[in-house]
Amino acid sequence: MSLFRKKTVSDILSQLKKDQDSNKSLGKYLTQRDLIFFGIAAIVGAGVFSTIGKASYDGGPAVIFLFMFTALACGFTAFAYAEFASMVPVSGSAYTYSYVAFGELIAWIIGWALIMEYAIGNITLAISWSDYFTGLLETMNIHLPQWIQMDYLSARNGFNDAMALMQNGKAFENLPAYIQDAHTAWSTAPTLGNIHFVADIPALGIIVLITWLVYRGMKESRNASNAMVIVKIAVIMLVLAVGIFYVDTENWDPFAPNGITGVLKGVSAVFFAYIGFDAISTTAEECKNPQRDLPRGMMWAIIICTILYILIALVLTGMVNYKELNVGDPLAFVFDKLNLKWLSGIIAVSAVVAMASVLLVFQMGQPRIWMSMSRDGLLPPKFAKIHKKYKTPSFATVVTGFVVAVPALFMNLTMVTDLCSIGTLFAFSVVCAGVLILQDKNIPRGKFKTPYINSKFVLPFLTAIGILYALTINQQNTWDFITNKAQIVDPITLVTSLDKPQSEAMLNYLGENDYIQTTEHADDLEYILTHIKEKTTGNYQQIVENAPVSDSLKFERGFDLFKHKIPLWIFFIVLIALNIWAIRKNLSLIPMLGLICCFYLMAELTVWNWLYFSIWLVIGLLIYFSYSRKHSKLNLQ
């Protein structure tokens with residue numbers, strides 16, 4: 001049972017008072033307005049300047065319902081965070097909350113998982129910021145070499161894909177722009193033997209700058225964040241004010257061209273735009289009135305950002321047809337298309353500022369988690385060191401800078417985005433479960449408490465509706481999922497897996513059956529197959545099924561297909577267990593819905609993310625059992 005020894009709320013508050021009396025606590029500078037600004041700084045970033053384009057392309061104007069759904073899911077979780085923040089106003093966030101609700105081992109796991117949210121999340125943000133920054137430089141005719149503005153993995157993988165596609169007939173100039181850039185970066189990079197020196201130097205630069213700012217103090221970080229938020233909001237209001245005059249309501253018809261499936265297709269990407277509101281809870285110790293201001297700050301930040309997202313989505317999809325919005329910089333793209341280049345330039349600058357503000361909030365969160373873990377003895381005492389002048393966790397801040405900066409030079413954007421999402425969702429799930437565990441416990445409560453609605457009267461009903469939908473409207477997809485029906489691979493996956501003789505056989509087969517409709521790209525196998533798929537989905541499947549190549553290259557089937565469904569099967573089993581738990585214990589509905597929403601979004605991530613996350617947790621457990629358990633303050637007591 002020593003693995004699940006718990007801290008009490010009274011002990012935490014008593015220790016906080018001792019630290020304040022001995023001048024070992026952080027400086028108290030933050031008001032409710034500052035917390036709202038931090039929340040906006042964390043949320044309004046990639047969502048407005050990047051993610052909203054792909055989400056609008058998938059869902060059409062009805063993407064506004066996706067933002068509402070995601071805000072609702074985050075709102076459920078925010079209620080749980082707000083209740084804990086009001087109860088335990090210290091810097092540990094989900095880590096400290098878990099220590100109270102579940103005990104030491106789960107608290108350690110959450111603290112370790114939060115590294116994936118804050119530190120690895122910042123790797124994602126640094127890489128994205130680098131892309132925006134180098135794009136801005138390009139518009140000013142400042143051209144950096146490709147090998148210092150791309151990570152190693154993207155360059156290597158992109159080069160290999162480029163060679164495979166060119167081997168199969170695609171000309172270099174017809175390759176996607178990101179693959180061209182990767183090929184250029186890899187082939188022009190300095191080499192030492194077989195080692196190519198490819199690294200994202202702008203990402204390193206912004207991390208060093210932000211780390212220095214966070215190290216210098218909360219007042220400086222607060223002032224910088226507030227200034228950047230004002231810039232972001234001003235630009236967004238300018239975009240709305242100008243864009244509304246170019247809205248053509250005919251572009252809103254059809255409103256949901258791809259139905260509910262299209263709307264929900266971008267759910268993981270849009271959720272990533274919202275994460276970060278929980279970072280506000282790591283500043284609890286630096287708030288002047290945390291028990292009142294933290295809950296309000298979280299809620300207002302989510303509400304304000306959701307309204308902004310909805311307005312921007314409506315304006316964007318009204319200005320141009322949703323089919324044109326599958327771009328990485330939708331705001332700049334739309335105004336450039338309308339020949340408003342002066343506004344396009346302002347948006348590009350604002351995007352760089354917006355991403356920097358998100359970096360700032362995340363970079364503040366991680367050191368404060370480590371500081372809390374160190375105070376409890378789970379990390380070396382050095383991590384709890386407070387700078388005498390700046391009143392910041394100085395050593396932990398510097399270590400965070402290194403942990404973020406080094407991987408940002410080399411890691412792939414997709415990999416770190418997914419790792420960040422699964423770490424965040426896991427922490428969110430545990431916080432919601434923590435509120436449910438403590439629901440009937442006799443412990444000191446803060447000023448904020450989640451409104452109680454008995455979930456046993458609602459959750460089984462909602463589950464029954466979901467089952468009915470799956471068995472009627474979505475019957476075919478449900479049956480294919482249960483029977484593990486083989487799936488045809490996409491054109492790029494197929495083409496890059498073929499060798500030269502197989503590619504030639506494929507081209508001969510397409511030519512003999514008159515499937516090649518263009519002479520310009522007659523040797524470009526990927527272009528031909530993509531054209532067939534976009535024009536006639538049914539024909540694409542039939543054509544590939546009859547192609548003279550091995551079935552193992554054409555289909556994903558058996559365990560290779562089933563393994564990707566394992567997370568969803570786990571979700572269904574957990575959903576049944578949660579229904580039983582809710583009925584037996586009369587659990588509160590809001591945190592229960594937050595738990596289910598977060599776990600569902602985890603299930604939507606690939607099995608590889610679960611595998612990497614499991615490996616990450618195993619490494620964390622090795623550290624816990626070799627150091628943390630023995631040095632824990634509770635163990636010493």
Side-chain angles (χ1 to χ4, degrees), residues 1-7 12 15 90-124 211 278-279 282 362-386 393-408 410-411 415-416 418-431 433-434 602 608-637:
M1 291 304 294
S2 64
L3 292 175
F4 300 98
R5 52 201 174 200
K6 298 178 181 178
K7 295 180 70 176
I12 293 172
Q15 184 60 48
V90 294
S91 293
S93 185
Y95 157 75
T96 301
Y97 309 156
S98 301
Y99 222 142
V100 173
F102 298 103
E104 186 171 281
L105 180 62
I106 304 300
W108 168 266
I109 291 173
I110 289 299
W112 191 246
L114 284 174
I115 297 174
M116 300 192 80
E117 177 180 357
Y118 295 126
I120 296 185
N122 252 2
I123 296 170
T124 305
T211 302
D278 61 310
T282 66
F362 273 50
Q363 201 74 347
M364 284 193 315
Q366 183 60 66
R368 285 153 179 80
I369 300 292
W370 278 343
M371 179 192 71
S372 296
M373 297 174 75
S374 177
R375 286 174 173 176
D376 295 330
L378 304 187
L379 288 177
K382 195 90 171 166
F383 283 88
K385 181 182 177 183
I386 305 297
S394 51
F395 179 78
T397 300
V398 173
V399 172
T400 299
F402 277 103
V403 168
V404 176
V406 175
F410 310 109
M411 287 188 74
M415 179 188 298
V416 291
D418 290 341
L419 285 174
C420 174
S421 293
I422 196 168
T424 303
L425 288 165
F426 182 69
F428 283 9
S429 300
V430 173
V431 170
M602 284 180 69
W608 299 116
N609 296 318
W610 285 62
L611 177 62
Y612 297 146
F613 183 57
S614 299
I615 294 171
W616 179 259
L617 291 183
V618 168
I619 295 171
L621 289 174
L622 291 175
I623 296 173
Y624 174 76
F625 284 107
S626 61
Y627 176 88
S628 305
R629 188 182 181 200
K630 181 172 65 175
H631 291 84
S632 167
K633 295 281 181 68
L634 295 184
N635 183 58
L636 298 177
Q637 289 172 10

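Remember, it's a predicted structure, so these values are computed and weren't measured experimentally. What's counted below: heavy atoms across the whole structure, side chains too, no hydrogens, waters or symmetry copies.
Trp108 contributes no side-chain N or O that, together with a main-chain N or O of Leu378, makes up a donor-acceptor pair within less than 3.5 Å. Within the 3.5 Å criterion, the main-chain N or O of Arg629 finds no donor-acceptor partner in the side chain of Ser632. The backbone N or O of Val404 sits nowhere less than 3.5 Å from a side-chain atom of Asn122 that would complete a donor-acceptor pair. Judged by distance alone, with hydrogens and angles left aside, the side-chain atoms of Trp616 form a donor-acceptor pair with the main-chain N or O of Trp112 at under 3.5 Å.
Two residues are said to be in side-chain contact when any heavy atoms from C-beta on lie closer than 4.5 Å; Ile386 and Met371 meet this criterion. Two residues are said to be in side-chain contact when any heavy atoms from C-beta on lie closer than 4.5 Å; Tyr99 and Tyr95 meet this criterion. Residues Ile110 and Phe426 are in side-chain contact: their nearest non-hydrogen atoms beyond the backbone lie under 4.5 Å apart. Here the side chains of Phe102 and Lys6 are not in contact, with every heavy-atom distance at 4.5 Å or above. Side-chain atoms of Arg5 and Leu105, non-hydrogen and from C-beta on, never get closer than 4.5 Å to each other. Proximity of Val398 to Thr211: side-chain heavy atoms (C-beta onward) are nowhere separated by under 4.5 Å.
Note that CG of Leu622 and CG of Leu617 are 11.0 Å apart. Values are rounded to the nearest 0.5 Å. Note that NE2 of His631 is 11.5 Å distant from OG of Ser374, once rounded to the nearest 0.5 Å. Between the CE atom in Met373 and the OG1 atom in Thr96 there is a gap of 9.5 Å [rounded to 0.5 Å]. The structure places CD1 of Ile109 at 4.5 Å from CD1 of Ile106, a figure rounded to the nearest 0.5 Å. Interatomic distance, OG of Ser628 versus CG of Asn635, reported as 11.0 Å (0.5 Å rounding).
Scanning both residues, Met602 and Ser429, for their nearest heavy atoms gives SD-OG, 4.1 Å. The shortest heavy-atom contact between Gly423 and Phe613 is CA-CE1, 4.1 Å. The heavy-atom pair separating Ser98 from Ala107 by the smallest distance is CB-CA, 3.9 Å. When all heavy atoms of Thr400 and Trp370 are compared, the closest pair comes out as OG1-CZ3, 3.2 Å. Leu114 and Gln366 make their closest contact through O-OE1, 3.5 Å (heavy atoms, listed as atom of the first residue, atom of the second, distance). Listed here is the closest heavy atom pair of Pro393 and Pro367: CG-CB, 3.9 Å.
Dense packing is recorded around CZ of Phe625, with more than 12 heavy atoms of other residues, nucleotides or ligands lying under 6.0 Å away.
Under a cutoff of 6.0 Å and an axis angle of 45°, Lys385 and Phe395 do not form a cation-pi pair.
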